[in-house]
Every structure is written in C-alpha cells, then in structure tokens.
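Each residue takes its place number in the sequence, starting with 1.
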Amino acid sequence: MKVTPVRGSAGPGDGGTGCPAAGARLDSLTGLRWFATLGVFLSHVNVLLPVPHTRGLFSLGESGVSLFFVLSGFVLTWTWTPDDTLRSFYGRRFARVWPLLVVAVAVPTLFALTSAGSVSRAHMLLVALSAVLLVQAWVPGWILTGATPVTWSLSCEAFFYALFPFAVRRIGGWRARQLLWLAGGALALLVALRAGLWLARPPETGVTSLAGYDGVVFGVYSPAARVPQFLIGMVTAVAVRAGWRAVGVRTASALLLVPLFVLWMLRGSAFRSAVLFDAVDTVMTPFFALLIAALAGRDLAGEVSLLRSRALTRLGQWSYAFYLFQFTVLLPVARAASPGKETADFFTDPVRPAVGHVGYAVLGLVITLGVSAFFYRWVEHPWEKRIRRRFTTIGRHSASPVAPARGET
C-alpha cells in the first residue's frame, strides 16, 4: 500500500504549515481547530464565569482537547514522508510548540509571583519550569496547578512526538484489518482506563479539592492515558491516505451530535458532575476521528467547505495562541466579576451562575482573540519560520533518516 504525502494542519501544538512536501491542503482541519479551542474556552467559562442553564452544555467543551489529540495523530501521519529525518521532524515540532509556550508560561507566572496569593512561589516556579520542559503532565501534583494549567496537554503532545517517528514506520503500511484492530484496541484501552478509574474511585458530586485524587488526575490527564487518542488519529490518517471514505460530512456531523445530546441529557449524573470523572473525552473520541476523516475526504474532493473560509482559517491559525492564553485572560476577568476570589476559590467554592457573566465572558473572548492575533503575528509565526529554516538546513545534511513505513516505496 503506497500513501501519498499531503499537507494539513492539526491541534494546539500543530500548525497549518504541515510538511515541506507539495500536495493538497486540508484547510478544513484548520477551521476545525478553532471550534475545538472555542469548546475549551467555554468549559473554562463554565467554571470561572458560569451562566444559568449552560453548565451541562459548556462542560462538553472539555472534549476539545481530545479532538486536538486525535487531530495531532491524524495530521502528523498525513504529512509524514519516508525521507524525513529524525532531526528535521523533532526540529519542526520544537519550532511549532516551544517559542510561544515559553511566553505563555512566563507571562501569567510573573503576574502570579507578584500578586499577594497564598500559593507557594517555589511551587509556582517549579510547575512553570515543568511546563516549559514539557514534563508537567507526568506529575499529578503539577498537572492542574500553576499559573497556566492548560499547558498539561503540551506535555502529552511532546510524548506523542517522541513516539511518532517510530510508530509511523510500523503502521504506515498496515492493511485495513490490522488498522481496525489497532483502532479498536486503542478505543478499548480508553474505555478500560476510564472504567478502571471509576471502579477505583467511584464518581462523586461536589468535588472541591484535588487532595487525594492524584491517581485519578494521572489517569485522566497524563500522556500515557491520552496516547490511545493519538493512535486513533494516526490510524485514521493511514486509512484515509489509502483511500478509505466512510461517511460524508453531514452524516459524520449528525453522528457526532448523538453522543453530545446523550451526554447533555445525563448532565446531572455523577460521572458528568466533575471534570475528573466526566466520560465526554472517552465517548467523543471515535466520533471525532470519523468527522476528521469525512472533512479530509471533502477537502480532497474539492467540495465547498465553510471551515475553509478565510475567517475560520484565520481563527484556526490563531487557535494555538488562543488555547494557551485563554485561561490567562479569563482569570482576571472572572476575578473582576467576583471580587475577592483567589484562583483556587473558583474550584473549591464555585461561583453561582449569573446572567451578568455573559458580558464578562464576551469581554474575555474579545481580549483573548486580540492577544492571540498579536502573539501569532509577532511571536509564534515568525519564530516558527526562523527555527524551521535552521532545522531544515541541518536536516539536509543529516545521516539519520526516518526509515520508510512498511509497504512504502
């Protein structure tokens, strides 16, 4: 089975530039990134600026990170070429993720260190360093703490990047039955992990502290717990590159709405009452993979797609910066709406929903968009290009090529 390299775009750690090889772009996936990021934003609004009658709906946005992980696996596989080198691949990933990550960690950490809070400054610095070194998600006590907790997902991405060149060599040439077994096994592992967590620590309502939940936190947020989602994305890309077309975009979208509606109806259940126990990430993963495959197929067919519009493509390009800075912006806005509250108070002493929070949430959205546009223009994009050029030059003289996937020619 021969697969043709095509360019695309992915999740919070993967931009729209793809690989250097020529080919059709999957710009619908760039637009899709925006909706994934918006979902995560709404899930934070759900905690910091809750609005009446939206809790069960906005909390579904937590699954946006899972969409990013599936997208990441899909696009890295989609853009992979057998003549790539390890140094070039890791250099591009470093260029994509690290420059903006450093800024996104430094800014809120400096603000947190200069504010009069009860959090240990030493702990804050330690978590910030772990985020910059991309190891934050390996330590339960650091995953959801620090000035910018959203960076846990970048630790997961770094782990995926480490595995990818070696994984893609093995599955790149697999037949349909082998791919189906791998996808089914990855999904079964996701379900087993969540079921195991529920058995070990039954879901509870009214969780107001992470004390005593280290095992659950690691089982939900660690790179080891999320790698099945990345593998499902990889399998989907190999299948699509080989010509697999399952359903159209309308069907995939309709199928996606079914579990979302069911989960919304079950919003009062214990397994949906707290982020630590929420089943939304596990349930939505296969439906995200199906939607991504459908969107890729539509782009390859040259059909019209709203997700490829100029506005959504631009928002998709800003999505990495938006993801990294959204909590940094929302927190001070939320503290203005609820004077006297410290960061931890929003989780241990939840804010009561109020219609007045809508204005604050919109303000947070507008500010975050402005911040994202600024950092994309002046930090993320120029520094990525600069570092990529350096590694591309080095890569041309590297003697450590990534071996072709089995079945490639």
Under 3.5 Å, side chain of [X] to main-chain N/O of [Y], donor-acceptor pair present?
| X | Y | result |
| --- | --- | --- |
| R93 | E157 | no |
| T236 | F74 | no |
| E62 | S43 | no |
| Y376 | S319 | no |
| K341 | L48 | no |
| W198 | F277 | yes |
| R33 | T30 | no |
| R245 | V240 | yes |
| T79 | V75 | yes |
| S269 | R272 | no |

For this session: Apply side chain to side chain contact (heavy atoms under 4.5 Å, CB included) to the pair E204 and L276, showing each step before the final yes or no.
Result: CA-CA 9 Å; E204 311 171 42; L276 292 178; over 6 Å; no

Heavy atoms of other groups near [X] [atom1], more than 12 under 6.0 Å:
| X | atom1 | value |
| --- | --- | --- |
| W138 | CH2 | yes |
| R55 | CZ | no |
| W98 | CH2 | no |
| F35 | CZ | no |

Return the minimal non-hydrogen interatomic distance between [X] and [Y], and the atom names on each side.
| X | Y | result |
| --- | --- | --- |
| I232 | A289 | CG2-CB, 3.8 Å |
| L197 | G215 | CD2-O, 4.0 Å |
| P108 | T148 | CG-CB, 4.0 Å |
| A225 | L190 | O-CD2, 3.8 Å |
| P228 | L189 | CG-CD2, 3.7 Å |
| G356 | Y360 | O-CD1, 3.4 Å |

So do [Y] and [X] actually touch side chain to side chain, heavy atoms under 4.5 Å?
| X | Y | value |
| --- | --- | --- |
| W152 | V65 | yes |
| P52 | V355 | yes |
| V139 | S130 | no |
| T368 | L365 | no |
| L369 | L315 | yes |
| L100 | Y320 | yes |
| F164 | T77 | yes |
| L32 | L67 | yes |

Could you give the distance from [atom1] ([X]) to [atom2] ([Y]), rounded to the nearest 0.5 Å?
| X | Y | atom1 | atom2 | answer |
| --- | --- | --- | --- | --- |
| H357 | L363 | NE2 | CG | 13.0 Å |
| S305 | L26 | OG | CG | 10.5 Å |
| R121 | L125 | CZ | CG | 9.5 Å |
| L256 | F287 | CG | CZ | 8.0 Å |
| F160 | S155 | CZ | OG | 10.5 Å |
| D345 | R335 | CG | CZ | 8.5 Å |

Exercise. Relative to each other, are the rings of W34 and F322 parallel, tilted or perpendicular (30° and 60° limits)?
Worked result: perpendicular

Exercise. Step by step, would you call E384 with R92 a salt bridge (charged side-chain N to carboxylate O under 4.0 Å, His left out)?
Worked result: CA-CA 8 Å; E384 180 184 357; R92 292 196 308 272; over 6 Å; no

For this session: Determine, step by step, whether V150 and T328 satisfy the side chain to side chain contact (heavy atoms under 4.5 Å, CB included) criterion, reporting the C-alpha distance in whole Å, the side-chain angles of both residues, the deciding distance to 0.1 Å, and the verdict.
Result: CA-CA 10 Å; V150 299; T328 301; over 6 Å; no

Exercise. Side chain to side chain contact (heavy atoms under 4.5 Å, CB included) with V70: which of L231, L290, T285?
Worked result: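 The passing option is T285.
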
Problem set entry | Candidate list D299, L306, V249, test side chain to side chain contact (heavy atoms under 4.5 Å, CB included), partner S28, passing option | D299

Problem set entry | F230/F159 aromatic ring centres below 6.0 Å |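 That pair fails the under 6.0 Å test.
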
For this session: Carefully, step by step, assess Q229 and S66 under the rule side chain to side chain donor-acceptor pair (under 3.5 Å).
Result: CA-CA 7 Å; Q229 296 175 319; S66 293; 2.9 Å; yes

Problem set entry | side chain to side chain contact (heavy atoms under 4.5 Å, CB included) between L324 and L154, intermediate numbers included | CA-CA 10 Å; L324 286 177; L154 275 301; 4.0 Å; yes

Exercise. Under the side chain to side chain contact (heavy atoms under 4.5 Å, CB included) criterion, do F58 and V45 qualify, and how do the steps go?
Worked result: CA-CA 8 Å; F58 284 4; V45 168; 4.2 Å; yes

Exercise. Going through the distances and angles, do Q178 and R175 end up as a side chain to side chain donor-acceptor pair (under 3.5 Å)?
Worked result: CA-CA 5 Å; Q178 294 171 297; R175 298 184 180 279; 5.5 Å; no

Exercise. Hey, does the Lys NZ or Arg CZ of R226 hover above the aromatic six-ring of F69, less than 6.0 Å from the centre and inside 45° of the axis?
Worked result: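 Negative - R226 is either too far from the ring of F69 or too far off its axis.
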
